[in-house]
Each structure stands twice: as C-alpha cells, then as structure tokens.
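Below: the structure, in structure tokens.
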Amino acid sequence: MSGIVIVGAGQAAASMAAKLRGLGYDGAISVLGAEPVPPYQRPPLSKAYLLGEMAVERLTLRADTWWAENDVSLHLNTTVTAIDPSARVVTLSDGDSLDYIELALCTGATPKRLPAAIGGALGNVFTVRNLADVDAMRALFVAGKRLVVIGGGYIGLEAAAVARKLGLEVTLIEAAPRILGRVACAQTADAIRALHRAHGVEIIEGVGLTQLTGDAQVTGAELQDGRKIAADFVVVGIGVTPDDEIARAAGLDCENGIAVDLQGRTSDPHIWAAGDCASFPMADGRLRLESVGNAIDMGELVAQNMLSAGCDYSPKPWFWSDQFDAKLQIAGLNAGYDEVIARNGEGQSFWYFRAGQLIAVDALSDARAYMIGKRLIEGGKPVTPAQVADPDTDLKALLK
C-alpha cells in the first residue's frame with residue numbers, strides 16, 4: 001500500500017513518524033529497522049546502560065503500543081536491498097517489496113573497524129554503536145579485567161570511564177598527538193585527560209597501534225613504539241562512516257553521506273534523508289552532524305516538508321558526554337575557531353571564537369555556562385572574548 005516508507009529505525013526515523021502523525025498525515029507509514037528491537041536511544045548505550053544504571057526498557061523511544069495505536073507499521077529485522085526510484089519501490093531483505101509516495105533514508109552511520117590484518121577480527125574486539133554491540137561486551141566489564149581502548153574520541157573515553165568506575169584496568173591509546181583532536185580544543189582535552197588520569201586511566205597519546213595480538217581472541221596490543229599491553233578485551237572507537245551504500249546504489253548524490261538540500265530532499269525529488277547519514281549545505285560546505293538533536297530536528301523537518309511545508313533547516317547543534325561523574329555539554333560548532341577563552345564557574349567552560357564571534361561552548365560540569373552560551377549562540381547575541389575572559393562579567397546579562 002503506497003504511503004511514506006522510512007528506512008532505518010533510530011531517533012530520526014521515530015521522530016519523523018511521530019511528527020507525520022502529529023501533523024495529521026493519515027496515509028500509510030512503514031518504518032523498516034534492521035535490528036530486532038523497536039527504536040531506542042543510542043547515547044546511553046556507552047554511558048548509563050553499559051554502567052548498569054539504565055534498564056533496557058528505559059532505552060525505548062516509544063511505548064511498544066504506540067506504533068499500533070498510531071497506525072505505524074514497524075518492520076523489524078528488515079533491511080532494504082534495493083531502491084527503484086523510477087518505480088518508487090524498495091525491495092526488502094525477505095524478498096518482499098513496498099511501493100512509496102515518499103521515501104526517507106534514516107540509515108545512520110557505521111562504526112569504523114580495525115583491519116583484520118592487524119587483529120580487528122579477533123574475538124573480544126568490539127565497537128559501540130547498537131544494543132547488540134553493548135550486550136556482547138557487558139559481561140566483560142568486571143573488576144580486574146584489562147581493557148584497551150583504541151581511539152580518544154568521546155565514545156572511547158566514555159567506555160574508559162565506565163570501565164574504571166566498575167574497577168577495570170584501562171589503557172586508552174590515541175595515535176594523534178592528543179585526545180579529542182578532531183572535536184575539541186586543547187583546553188577541553190586537557191581537562192578531560194586530567195579527569196581520566198585522576199581516576200586511574202592510562203592514556204597514551206601520539207603513538208599508533210601496530211597490531212592486536214592473539215589467536216582466536218585478543219590478548220594484547222602492540223604499539224608503534226614497541227610497547228606491549230595485555231588485554232582481556234578491546235573497545236574500538238575510531239569514528240563512524242555514514243551509511244549511504246543503498247543511496248549510492250540507487251544513484252543518489254552522496255558527499256560526506258547522503259547529500260540533501262536545506263529541506264532534506266535528496267537528488268531524487270521523492271527521496272529524503274535525515275540524521276547521521278545526511279549531509280546538508282552550509283556556507284563553508286556540506287555538514288553532517290552526529291547527534292540526537294540533529295536526528296530529531298532533521299527528522300521532524302523532513303516530515304513537515306514531505307507535507308509541503310517548504311521549511312529550510314537551520315541547525316542548532318548541541319551534544320553531551322558523560323565522563324565519570326562529570327558532564328560535558330557542548331553548544332554550537334567549533335569549526336574554524338581562532339581563539340578559546342577558559343572560564344571558571346560552577347565548573348569549567350571553554351568559549352570558542354572565530355573572528356571575534358562566539359561560535360561554540362564546551363561546559364564541563366557547568367550547566368549554567370552551557371545554557372547561557374547556547375542562548376547567546378542561537379540568538380546571535382554580541383559577546384567579545386574580553387567579556388568572557390573578565391571574571392566579573394555577568395554573562396547572563398548579555399542575553400538581554
């Protein structure tokens with residue numbers, strides 16, 4: 001039955017389906033998910049869920065009854081093997097097919113893995129992306145076990161923090177000169193590094209991995225400087241790639257993911273994309289955001305535009321990461337910053353400027369700085385580096 005087909009069953013897909021019904025769309029909606037479980041939150045997987053502080057039932061985005069009550073057909077364990085844009089038909093992994101009036105690709109991203117040639121295929125080598133990934137490694141998070149983390153981004157650092165809280169021995173290896181090199185300033189990295197080392201995490205920076213060792217299962221890691229580190233298991237957090245394979249096969253334009261216009265439309269007028277898999281135009285080129293906020297906002301925007309709203313996307317980026325008992329909250333995008341101002345308040349905050357304009361804030365255990373910074377950025381309020389640097393400046397007064 002023709003209607004709207006949504007490929008993927010993550011945050012963007014769930015938000016899109018709910019928005020469509022909220023806007024009064026009464027046609028057929030089909031959501032196709034590769035996993036055996038209904039849509040759920042991914043960020044807690046490497047935080048509260050891995051730590052054992054959040055039950056699996058609390059991860060779900062919608063009650064199990066919501067899908068039927070809102071007449072949304074949820075297909076689990078289902079992937080799309082082909083898209084025929086001219087016929088407006090998708091072929092499913094079970095051999096069935098669905099036709100569509102509008103198609104949305106919310107396929108997310110796939111974690112990068114270490115090559116098999118250096119041990120990436122050994123047993124007990126994990127990535128962190130979905131529920132099955134975390135369920136597969138949870139039993140190993142036991143006091144006294146030895147964990148090696150490859151990659152000093154947020155995912156790797158979160159896994160390291162959880163492991164130390166549970167009493168594991170943890171070594172984190174980052175080949176780049178410092179942790180968080182692609183996503184945060186040196187000051188933020190310094191604060192996070194100090195936090196981890198204070199909790200007993202060994203952080204090795206500027207040294208690459210030569211190989212993981214072991215026969216069937218990993219037993220250790222050999223580094224380029226000759227060091228050998230014993231490991232009971234390894235978590236790899238070296239980034240993700242947008243899942244755009246099905247879009248490429250269908251002939252859609254792809255550039256840093258599935259290329260969409262500001263309304264979320266791909267190079268085919270009846271195919272849309274949202275979330276981690278989609279890149280959209282900005283002044284400095286195409287941008288792809290990997291965050292819950294972006295998935296929700298893009299998913300809802302596409303729902304509106306499928307119903308002819310004609311709205312352009314204006315992203316308001318925000319992110320967060322739990323590191324031990326500290327919360328790092330991020331507002332804005334720091335690309336191209338040329339100055340960083342550190343400020344002390346409830347915790348620490350780091351304010352990014354480009355050509356004198358505030359573009360982003362990292363707030364570590366400082367919710368007030370985060371909220372003020374977020375509002376200043378989104379409102380385009382004038383604030384100078386000197387004002388932020390002055391401890392006597394009441395930043396909240398600048399919001400007026």
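Everything numeric here is computed off the predicted structure, so don't read it as measured data. For the numbers below, each heavy atom of this structure counts, side chains included, while hydrogens, waters and symmetry mates do not.
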Please walk me through it: do Val7 and Ile246 pass side chain to side chain contact (heavy atoms under 4.5 Å, CB included)? CA-CA 10 Å; Val7 182; Ile246 194 70; 5.5 Å; no
Side chain to side chain contact (heavy atoms under 4.5 Å, CB included) between Leu168 and Phe233, worked out: CA-CA 11 Å; Leu168 284 77; Phe233 67 112; 3.6 Å; yes
Could you check Leu395 against Val388 for side chain to side chain contact (heavy atoms under 4.5 Å, CB included), going step by step and ending with a plain yes or no? CA-CA 7 Å; Leu395 296 178; Val388 173; 4.3 Å; yes
What do the steps show when you test Asp338 against Arg354 for salt bridge (Lys or Arg N to Asp or Glu O under 4.0 Å), and what is the final call? CA-CA 5 Å; Asp338 53 33; Arg354 182 175 59 213; over 6 Å; no
Hey, mind stepping through Leu180 and Tyr154 against side chain to side chain contact (heavy atoms under 4.5 Å, CB included) and telling me if it holds? CA-CA 7 Å; Leu180 302 177; Tyr154 289 123; 3.6 Å; yes
Run the side chain to side chain donor-acceptor pair (under 3.5 Å) check on Asp362 and Tyr352 step by step: do they pass? CA-CA 8 Å; Asp362 294 344; Tyr352 297 80; 2.4 Å; yes
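With values rounded to the nearest 0.5 angstrom, Gln187 atom CD is found 11.5 Å from Ser349 atom OG. The structure places CD1 of Ile6 at 11.0 Å from OG of Ser73, a figure rounded to the nearest 0.5 Å. To the nearest 0.5 angstrom, Met306 atom CE is 6.0 Å from Glu102 atom CD. Separating the CD atom in Gln387 from the OG1 atom in Thr393 is a distance of 6.0 Å, to the nearest 0.5 Å. Here CD1 of Ile229 is found 10.0 Å from OG1 of Thr213. Values are rounded to the nearest 0.5 Å. In this structure, CG on Leu223 lies 6.5 Å from OG1 on Thr210, to the nearest 0.5 angstrom.
Put simply, Leu376 and Phe319 are part of two different groups of oily side chains (I, L, V, M, F, W, Y) that touch within less than 4.5 Å, one to the next. Residues Tyr49 and Val37 are members of one and the same hydrophobic cluster, defined by side-chain heavy-atom contacts under 4.5 angstrom among Ile, Leu, Val, Met, Phe, Trp and Tyr. When the side chains of ILVMFWY residues are joined at heavy-atom separations under 4.5 Å, either directly or via intervening members, Met298 and Val240 end up in two distinct hydrophobic clusters. Ile203 and Val162 end up in the same hydrophobic cluster when Ile, Leu, Val, Met, Phe, Trp and Tyr side chains are linked at under 4.5 Å. In this structure, Val5 is not a member of the same hydrophobic cluster as Val31, with clusters built from ILVMFWY side-chain heavy atoms closer than 4.5 Å.
Between Lys47 and Glu158, at least one side-chain N (NZ, or NE/NH1/NH2) sits under 4.0 Å from a carboxylate O, which counts as a salt bridge. Salt bridge annotation for Arg88-Asp99: absent, with no cationic side-chain nitrogen under 4.0 angstrom from a carboxylate oxygen. Salt-bridge formation is detected for the pair Lys165/Asp325: a Lys NZ or Arg NE/NH1/NH2 atom is positioned less than 4.0 Å from an Asp or Glu carboxylate oxygen. The pair Arg129-Asp276 meets the salt-bridge criterion, with a side-chain N (NZ, NE, NH1 or NH2) lying under 4.0 Å from an Asp/Glu carboxylate O. Under the 4.0 Å criterion applied to side-chain N and carboxylate O atoms, Arg265 and Asp253 are not assigned as salt-bridge partners. In this structure, Arg182 does not pair ionically with Glu290, as no charged nitrogen and carboxylate oxygen lie closer than 4.0 Å.
The environment of CG in Asp96 is crowded: more than 12 heavy-atom neighbours from other residues, nucleotides or ligands sit within 6.0 Å. Atom CG of Asp394 has more than 12 heavy atoms from other residues, nucleotides or ligands within 6.0 Å. Around CD of Glu245, the count of heavy atoms belonging to other residues, nucleotides or ligands within 6.0 Å does not exceed 12. The environment of Gln357 atom CD is sparse: at most 12 non-hydrogen atoms of other residues, nucleotides or ligands sit within 6.0 angstrom. Heavy-atom neighbours of Arg288 CZ from other residues, nucleotides or ligands within 6.0 Å: above the threshold of 12. Annotation for Lys145: atom NZ does not count as buried by contact number, only 12 or fewer foreign heavy atoms lying within 6.0 Å.
Between Leu76 and Thr78, the closest heavy-atom pair is O-OG1, 2.8 Å. Minimum heavy-atom separation, Met16 to Cys106: CE-SG, 3.5 Å. Taking all atoms of both residues into account, the shortest heavy-atom contact from Leu172 to Gly152 is CD2-CA, 3.8 Å. Annotation for Arg227 and Ile204: closest pair NH2-CG2, 3.5 Å, computed over non-hydrogen atoms. Of all heavy-atom pairs between Ala13 and Gly8, the closest is CB-O, 3.1 Å. Here the shortest heavy-atom pairing between Asp390 and Arg343 reads O-NH1, 2.9 Å.
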